[in-house]
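Note sheet for the following structure.
In what follows, chains carry the letters A, B, and so on, assigned in the order in which the sequence lines appear, proteins first and then strands, with residues in each chain numbered from 1. Just so it is clear, the model here is predicted, and its values are computed rather than measured.
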2 protein chains.
Amino acid sequence: MERIAEGEYAVMEVLWEESPLTAAEVAERVPAERGWSLATVKTMLSRLLAKGVLRHEEDGRRYLYRPALAREDYVAEESGRLIDRMFGGRLTPLVAQLAARDRLTPADIEEIEALLKALKS
Amino acid sequence: MERIAEGEYAVMEVLWEESPLTAAEVAERVPAERGWSLATVKTMLSRLLAKGVLRHEEDGRRYLYRPALAREDYVAEESGRLIDRMFGGRLTPLVAQLAARDRLTPADIEEIEALLKALKS
DNA sequence: CTTCGTTGACTACAGGTGTAATCACTCGGC
DNA sequence: GCCGAGTGATTACACCTGTAGTCAACGAAG
């Protein structure tokens, strides 16, 4: 599976949220902080098409874009990659890491415990 | 904090494992799958120096390199970045994600439960 | 029909990255 | 004193990425 760059990811996010969309609609929905011109968004769309993670269908003289890759699949791949690289493929050290950095609230802990309990049954 | 590229990360890994080391020693210890020449490793070292994540001290006519950035700090930053981007900053969806993909063994679950229990006290 | 806005395609260009080669220097051995 | 191996510095170059500009075609409005 082709890698998706950071900026390209922002475009995918938009389309995972809502699709199909035209290039102009995607541009509207990209977070304003990016400050991208329409041209930039179009470049992203072309590159994502070339990478095969987007599809487009004709709609008159323009295209409607939609993801060709499920968000879950992408997210699973990226998470796995990070955990493999940094934690030798094991999740526990990541949890420990985050805990040590106070990234876990008591509510988070409860939630994860509940999730794990459900998994065991 | 400067970003560290994928290849550069491999060099950091070596130095986090053992330091200080000379360029040649780093090259020896980089995973063989990379198939890097010594020249490539030296380039990486220079760039990492420029980014300020490595230090070097003189040792006669060569340098000894050592990390100027703790592994924990880097790992914390990267993990946080990924979790922010893909899971809205929350860890629970990541755990759920991994669970759904069978990336969690029963042993993992036990381990994390124990960790969380310890955290609560 | 002419004009104008919209659209995809193509081109541009600087900075980062992977992957080196080459150069100049120097120290240890002869 | 000279030579070769090791060393950092400098340079190279293609591909990826962020960020557009431009162009040609086409369809709607007048």
Item to check | C:dT22 phosphate, OP1 or OP2, under 4.0 Å from B:K42 side-chain N/O | outcome: no
Item to check | For atom CZ of A:R3 and atom P of C:dT17, their distance in whole Å | outcome: 13 Å
Checklist entry - Between C:dT7, D:dA20, D:dT7, which nucleotide has the shortest distance from any of its atoms to the side chain of B:R62? => result D:dT7
Item to check | DNA chain D: 5'-proximal contact among B:T22 and B:S46 (nearest heavy atom) | outcome: B:T22
Checklist outcome for this item: Among D:dT19, D:dG8, C:dT17, the one nearest any side-chain atom of B:A23 is D:dG8
Next on the checklist: I want to check one thing: is the phosphate of D:dA9, taken as OP1 and OP2, less than 4.0 Å away from some side-chain N or O of B:Y63?
Outcome noted: yes
Item to check | Distance in angstrom units between B:M44 CE and C:dA20 C1', rounded | outcome: 10 Å
Item to check | Rounded interatomic separation in angstrom, taking CD from B:E8 and P from C:dT19 | outcome: 12 Å
Checklist entry - Below 4.0 angstrom from OP1 or OP2 of C:dG15, is there any side-chain N or O of B:K51? => result no
Next on the checklist: What is the distance, to the nearest angstrom, from the CG atom on B:D59 to the P atom on C:dT26?
Outcome noted: 16 Å
Checklist entry - Which part of the nucleic acid, if any, lies within contact of A:Y9, taking any heavy atom under 4.0 Å across all strands shown: a base, the sugar-phosphate backbone alone, or nothing? => result nothing
Item to check | Residue B:A39, side-chain heavy atoms: nucleotide from C:dA21, C:dT7, D:dA9 that is nearest | outcome: C:dA21
Checklist entry - For A:R34 and D:dT19, what is the distance between atoms CZ and P respectively, to the nearest whole Å? => result 7 Å
Item to check | Sugar-phosphate only, base, or nothing, as touched by B:S37 at under 4.0 Å among non-hydrogen atoms | outcome: sugar-phosphate
Checklist outcome for this item: Between CD of B:E25 and P of D:dG6 the distance, given in whole Å, is 13 Å
Checklist entry - Which is true for A:R61 with a 4.0 Å heavy-atom rule: it touches a base, it touches only sugar-phosphate, or it touches nothing? => result base
Checklist entry - When the distance from CG of B:L38 to C1' of C:dT19 is rounded to whole Å, what number comes out? => result 13 Å
Checklist entry - What orientation do A:W16 and A:Y9 show, parallel under 30°, tilted 30 to 60°, or perpendicular over 60°? => result perpendicular
Item to check | Spacing of B:I83 atom CD1 and A:R103 atom CZ [to the nearest 0.5 Å] | outcome: 6.0 Å
Checklist entry - Between C:dC10 atom P and A:L45 atom CG, what is the distance in whole Å? => result 15 Å
Checklist entry - After noting the C-alpha distance and the side-chain angles of A:R71 and A:E13, does the key distance pass the salt bridge (Lys or Arg N to Asp or Glu O under 4.0 Å) rule? => result CA-CA 8 Å; A:R71 186 177 202 283; A:E13 273 290 317; 2.6 Å; yes
Checklist entry - Under 3.5 Å, is there a donor-acceptor pair linking the side chains of B:T43 and B:S46? => result no
Checklist entry - Is there a donor and acceptor pair, one atom on the side chain of A:T43 and one on the base of D:dA20, closer than 3.5 Å? => result yes
Checklist entry - Quick one: are A:V53 and A:D73 in side-chain contact, heavy atoms under 4.5 Å? => result no
Checklist entry - Do B:R47 and C:dG18 share a donor-acceptor pair, side chain to base, under 3.5 Å? => result yes
